[in-house]
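Report on one structure; see the data block that follows.
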There are 2 protein chains.
Amino acid sequence: MPTEFELIARFFRPEVHHTLLAGGDDAALLVPSPGRQLAVTTDMLVEGVHFLPGADAEALGHKVLAVNLSDLAAMGAIPRWVFLGVALPRADEVWCERFARGFLDLARAFDVDLAGGDTTRGPLNLCVTAVGEVEPGLALRRSGARPGDDIWLTGTTGEAAFGLQCCLGATAGAHPVAVSRCRQRLERPWPRVAFGREALGLATAAIDVSDGLVADLGHVCAASGVGAVIDWDRLPQSSALAGLEPVRRQELVLSGGDDYELVLTAPPGARSALLAAADRCDTPLARIGSVQEGRGVAVRDRDGRMLPLARTGFDHFA
Amino acid sequence: MPTEFELIARFFRPEVHHTLLAGGDDAALLVPSPGRQLAVTTDMLVEGVHFLPGADAEALGHKVLAVNLSDLAAMGAIPRWVFLGVALPRADEVWCERFARGFLDLARAFDVDLAGGDTTRGPLNLCVTAVGEVEPGLALRRSGARPGDDIWLTGTTGEAAFGLQCCLGATAGAHPVAVSRCRQRLERPWPRVAFGREALGLATAAIDVSDGLVADLGHVCAASGVGAVIDWDRLPQSSALAGLEPVRRQELVLSGGDDYELVLTAPPGARSALLAAADRCDTPLARIGSVQEGRGVAVRDRDGRMLPLARTGFDHFA
């Protein structure tokens with residue numbers, strides 16, 4: 001069985017592009033770009049909590065990096081460096097090789113350096129800290145939404161949550177192609193980094209959708225001291241969910257989570273610039289509602305009636 | 001039971017001093033000091049692997065930060081920001097309060113900002129990423145040791161490993177005061193940050209002793225392409241270990257681990273400057289051997305005989 005050091009050397013020592021010293025020392029050495037601020041995010045994924053036991057290692061490697069890059073995207077930062085802590089029940093070379101492939105393929109796609117980390121024995125746990133760079137004063141915070149702002153959403157929500165239900169066996173009413181697409185959304189989210197960059201200077205607030213659309217927009221509202229109304233009819237609907245019973249579909253779209261899309265707010269004057277920006281980076285973008293005085297998130301149907309909202313997000317200790 | 005967000009808000013939102021935006025957003029925002037490089041280290045500590053089940057939460061909070069600050073000390077960096085991932089079996093407020101106290105007391109002592117992190121449910125796992133700043137070109141790497149350099153050690157080694165043996169019940173031959181001191185060393189290591197800073201520009205290489213003195217000096221030798229000889233008689237001996245059987249004591253001192261002292265190499269011309277630096281920051285410092293051509297680490301007694309070395313370090317998957 002390989003040692004800890006052999007595992008690291010074999011699978012977790014990729015080429016780096018903007019790191020002075022990566023791995024093999026007490027710390028990595030980075031040279032931040034002059035005049036930039038750093039955006040730093042940490043996400044910990046635990047087997048049985050964030051992913052199913054026995055989940056495909058390559059998909060896991062992709063996802064644990066993707067969720068962190070999505071956080072940087074929601075700040076409008078350029079991802080640059082990433083640090084990976086892994087606890088593994090045993091030194092499983094096949095698992096490590098696949099996990100590293102998923103992780104490093106995505107890192108390469110975004111030119112992110114795996115600059116350091118730690119490997120140890122323990123119940124499967126993946127902890128990633130990602131570092132990005134952003135122009136001073138421009139980072140997209142949650143706290144900048146103002147009454148009158150539009151609310152924008154990239155892509156669609158609900159597919160990943162349906163993908164999870166499918167993994168758990170609840171595929172009734174869905175076409176195999178739809179199931180496959182939704183599992184892909186669950187396992188291989190693609191962070192909206194390019195659009196996050198484009199939204200700098202246009203959006204007043206942003207967040208990525210991980211807990212669910214209503215819950216995450218609720219975080220923006222709480223941080224900004226405002227309320228929000230989503231127009232159900234404006235929400236882009238995934239064709240993969242079209243065959244589902246309406247109540248179930250509605251819950252997936254509004255509260256499903258794991259979407260890793262961006263929700264943004266911006267003044268109406270930014271509409272054409274945002275649509276042009278989305279077009280430049282091939283990102284589907286829809287205006288789904290508006291920021292209002294008050295607090296909380298409501299969803300209204302085409303007749304102006306408010307929809308009842310059941311679950312509004314995810315609490316790991318609930 | 002409190003939610004994840006309540007736990008974070010209650011215990012893990014301390015005052016920060018050099019962080020633009022800490023917690024409560026998709027990422028933290030930091031402003032690195034102009035012209036500095038960043039040293040970044042990640043350590044993951046797992047219950048039953050790095051600490052005993054039921055370990056005191058306050059001591060754990062201290063230790064998980066201390067081991068990361070020790071890595072920054074070994075680079076000669078000033079610790080600035082830290083990010084904390086915690087997986088907890090349940091939302092235990094008492095545990096969180098104590099853990100946060102141990103963690104934040106040490107953070108305050110070193111003026112380190114807890115700038116972000118993640119809290120989730122799962123088998124107890126603590127993953128810290130610490131970020132420090134260092135002058136360009138001066139960071140202490142493992143790879144700079146040259147034949148003819150002296151080898152230096154701060155403090156003493158072996159006490160923490162004996163402290164662990166005591167926790168496991170093997171206290172035979174030890175005075176209660178010694179047991180208490182060694183448990184303190186195990187549970188409350190104090191990172192040698194000040195001396196690491198002083199050694200910038202003097203030392204040619206450095207590492208912190210976590211795996212064991214011989215093993216960690218071995219990492220320096222491997223990275224530098226050199227060998228090392230430690231003179232047993234020059235190694236400062238802890239009075240707490242004085243009552244132990246010599247073979248046991250020798251193994252603790254050479255291979256015990258968890259010491260979080262610094263081992264450095266420096267040319268003989270730096271002797272008086274290093275001793276003066278150690279004096280300035282009240283750090284015990286001893287010259288314990290020399291770097292040689294070749295490879296590996298040997299330990300010789302007063303008669304020039306090489307001591308047999310049994311264990312040489314720690315592999316988490318062994």
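This is a predicted model, so every value here is computed, not measured. Protein chains get the first letters and strands the later ones, always in sequence-line order, with residue 1 at the start of each.
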Quiz prompt | Residue part contacting chain A, namely of A87(B), when any heavy atom lies under 4.5 Å | solution =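 Both backbone and side chain.
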
Please flag which part of [X] lies under 4.5 Å from any non-hydrogen atom of chain B: side chain, backbone, both or neither.
X: A28(A); value: both
X: L21(A); value: side chain
X: V134(A); value: side chain
X: A206(A); value: backbone

Quiz item: Less than 4.0 Å between a side-chain N and a carboxylate O, is that true for D25(A) and R142(B)?
Solution: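 Counted as a salt bridge, because a side-chain N and a carboxylate O are separated by less than 4.0 Å.
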
Quiz item: What residue, out of D71(B), T41(B), L84(B), has the most heavy-atom pairs lying under 4.5 Å from chain A?
Solution: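 Top count of heavy-atom pairs under 4.5 Å with chain A: D71(B).
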
Quiz item: If you count heavy-atom pairs under 4.5 Å with chain A, which of D43(B), L20(B), V31(B) comes out on top?
Solution: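 Answer, by heavy-atom pair count under 4.5 Å with chain A: D43(B).
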
Quiz item: What heavy-atom pair brings V46(A) and P123(B) nearest, and what distance separates the two atoms?
Solution: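 Answer, listing the atom of V46(A) first, then P123(B): CG1-CD, 4.0 Å.
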
Practice problem: Determine the minimum heavy-atom distance between G85(A) and C127(B), stating which atoms define it. | Solution: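 Here G85(A) and C127(B) meet closest at CA-SG, 4.3 Å.
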
Could you tell me whether the side chain of [Y] reaches within less than 4.5 Å of the side chain of [X], counting heavy atoms only?
X: L29(B); Y: L38(A); value: no
X: V86(B); Y: M44(A); value: no
X: D26(A); Y: I207(B); value: yes

Quiz item: Quick check: are there more than 12 heavy atoms from other residues, nucleotides or ligands sitting under 6.0 Å from CZ of R295(B)?
Solution: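 Counting other residues, nucleotides and ligands, CZ of R295(B) stays at 12 neighbours or fewer.
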
Exercise. Start with the C-alpha gap between V40(A) and W81(B), add the side-chain angles, then the distance that decides, and say whether side-chain contact (heavy atoms from CB on, under 4.5 Å) holds.
Key: CA-CA 10 Å; V40(A) 187; W81(B) 302 280; over 6 Å; no

Quiz item: Of all of P32(A), A77(A), A115(A), G116(A), which one pairs up most often with chain B through heavy atoms under 4.5 Å apart?
Solution: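 Of the options given, most contacts go to P32(A).
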
